[in-house]
Protein chains: 2
Amino acid sequence: MISKTTTVNDAKQHLIDHGIRPSVQRLAIMKYLMEHRTHPTVDKIYNDLRPSMPTLSRTTVYNTLEVLVEHDAVLELSIDSHTSHYDGATAPHAHFRCRRCGAIIDVDMKDLALATPESSEFTVEHVEISYTGLCARCINDNNQDNNQDNNL
Amino acid sequence: MISKTTTVNDAKQHLIDHGIRPSVQRLAIMKYLMEHRTHPTVDKIYNDLRPSMPTLSRTTVYNTLEVLVEHDAVLELSIDSHTSHYDGATAPHAHFRCRRCGAIIDVDMKDLALATPESSEFTVEHVEISYTGLCARCINDNNQDNNQDNNL
DNA sequence: AGTTGTTTTTGAAATCATTACAAAATTACA
DNA sequence: TGTAATTTTGTAATGATTTCAAAAACAACT
């Protein structure tokens with residue numbers, strides 16, 4: 001019970017800290033992103049939240065994520081060219097995406113903190129480092145069964 | 001004349017080197033990507049090539065780019081979450097994308113060559129480093145006119 | 001050249017993610 | 001309360017991509 005309440009409060013505070021009014025829907029989505037470190041898509045969030053919020057609209061999920069991203073409360077990942085994934089984590093880190101099952105895994109950046117390039121041509125606001133390849137599970141399953149979409 | 005022929009030959013050789021049969025369409029698209037370092041989308045390639053190849057189909061551009069990417073003859077960039085961009089350049093480099101006009105600029109990686117992470121969880125095949133922000137032109141135009149889509 | 005089998009291209013239709021929009025619901029606050 | 005501003009909702013429109021089957025191009029062989 002404590003942890004549940006704590007997450008709600010954390011999420012609420014996080015929204016306020018980023019200048020976002022904590023509506024019921026925004027809170028639910030922010031809380032979802034803080035609890036699930038799976039880098040979900042709009043549809044994943046929408047489908048997972050709907051059982052407990054039957055009136056939730058897909059458009060609201062789109063709208064809310066747009067607001068969260070604009071206010072830097074959440075990160076939009078472009079690692080998957082088919083659809084956007086969202087990340088509630090704040091500390092800088094990279095991502096690995098399995099080209100077979102689509103799973104996205106956090107990659108610690110440790111000390112390879114990669115200097116932001118200096119240029120007269122542009123001003124950098126965000127950095128995204130993406131690795132692609134096969135995850136351990138998909139390497140193993142390769143010969144054997146078809147195990148797609150297990151980890152999305 | 002020499003340079004034109006040279007690009008055709010380079011493109012042809014590039015396809016063959018990557019185990020791709022050089023059909024007329026594949027050659028035209030590969031040549032286009034070697035000559036235009038603008039990281040074009042499917043539609044940009046399709047529209048630019050059509051005047052000289054009126055029978056070209058958009059589906060063919062999709063099919064061809066899929067083949068080129070599968071054979072590592074071309075890089076698919078996920079830097080833009082709305083649509084895929086393609087890069088005919090071979091040497092490793094990063095990209096900057098202007099969030100206002102959408103232009104994509106090559107970023108030299110120099111010696112900050114960023115070690116590929118070692119992990120038992122996955123095997124890395126590709127790395128993509130993407131910067132986002134405002135390009136010099138859009139910073140200047142900010143107060144003034146609307147100059148969107150100039151550099152796509 | 002002519003035949004046959006394989007690969008590639010083509011265009012139309014289908015799908016999927018996202019955006020636009022206007023009405024309804026909720027909230028802020030005078 | 002009442003009124004204005006914000007947020008949510010559902011539907012319809014858009015845009016990118018995929019599917020698919022037929023047509024065209026190509027390769028190998030006679």
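So that the names make sense, note that chain A is the first sequence line, chain B the second, and so on, each numbered from 1. Below, all heavy atoms of this structure are taken into account, side chains as well, without hydrogens, waters or symmetry copies.
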Inset, instruction - Indicate if A:Ile20 and A:Val24 have the same hydrophobic cluster label, given that clusters are the connected sets of ILVMFWY residues with side-chain heavy-atom separations under 4.5 angstrom. - result: yes
Inset, instruction - Indicate, with a heavy-atom threshold strictly under 4.0 Å, whether A:Ser84 touches base, sugar-phosphate, or nothing. - result: sugar-phosphate
Inset, instruction - Check step by step if side chain to side chain contact (heavy atoms under 4.5 Å, CB included) holds for A:Phe122 and B:Leu134. - result: CA-CA 6 Å; A:Phe122 50 76; B:Leu134 285 174; over 6 Å; no
Inset, instruction - Report the residues that fulfil side-chain hydrogen bond (donor to acceptor under 3.5 Å, both in side chains) with A:His18, sequence neighbours left out, ordered by chain and then residue number. - result: none
Inset, instruction - Using only heavy-atom distances, determine whether the side chains of B:Glu76 and B:Ser84 contain a donor-acceptor pair under 3.5 Å. - result: yes
Inset, instruction - Can you pull out how bent the helix from C:dA1-D:dT30 to C:dA30-D:dT1 is, comparing the axes over its first five and last five pairs, to 10°? - result: 30°
Could you list all N or O pairs between the protein and nucleotides 11-13 of chain D that sit under 3.5 Å apart?
{"from": "D:dT11", "atom 1": "O4", "to": "A:Thr59", "atom 2": "OG1", "distance (Å)": "3.3"}

Legend entry - Side chain B:His95, main chain B:Ile104, donor-acceptor under 3.5 Å: no
Which atom pairs, donor and acceptor, lie under 3.5 Å between side-chain atoms of residues 59-71 of chain B and protein residues at least two apart or in another chain?
{"from": "B:Asn63", "atom 1": "ND2", "to": "B:Thr59", "atom 2": "O", "distance (Å)": "3.4"}
{"from": "B:Thr64", "atom 1": "OG1", "to": "B:Thr60", "atom 2": "O", "distance (Å)": "2.8"}
{"from": "B:His71", "atom 1": "ND1", "to": "B:Val67", "atom 2": "O", "distance (Å)": "2.9"}

Inset, instruction - Please name the pair of heavy atoms, one in A:Pro117 and one in A:Val124, separated by the smallest distance, quoted to 0.1 Å. - result: O-CG2, 4.3 Å
Inset, instruction - Scan side-chain atoms only and decide if A:Asp87 and A:His93 contain a donor-acceptor pair under the 3.5 Å cut-off. - result: yes
Inset, instruction - Look at B:Thr83 and D:dT17 and indicate whether a side-chain polar atom (N or O) is within less than 4.0 Å of OP1 or OP2. - result: yes
Legend entry - Interface residues of residues 64-82 of chain B with DNA chain C (non-hydrogen, below 4.0 angstrom): B:His82
Legend entry - Shortest side-chain distance from A:Leu56, nucleotide among D:dT17, D:dT9, C:dT10: D:dT9
Inset, instruction - Using a strict cut-off of less than 4.0 Å between a Lys/Arg side-chain nitrogen and an Asp/Glu carboxylate oxygen, indicate whether B:Arg37 and B:Asp106 qualify as a salt bridge. - result: no
Inset, instruction - Of all the heavy-atom pairs spanning A:Lys44 and A:Tyr32, show the shortest one and how long it is. - result: CG-OH, 3.8 Å
Legend entry - Within residues 18-28 of chain A: residues closer than 4.0 Å to DNA chain D (heavy atoms): A:Arg21, A:Ser23, A:Gln25, A:Arg26
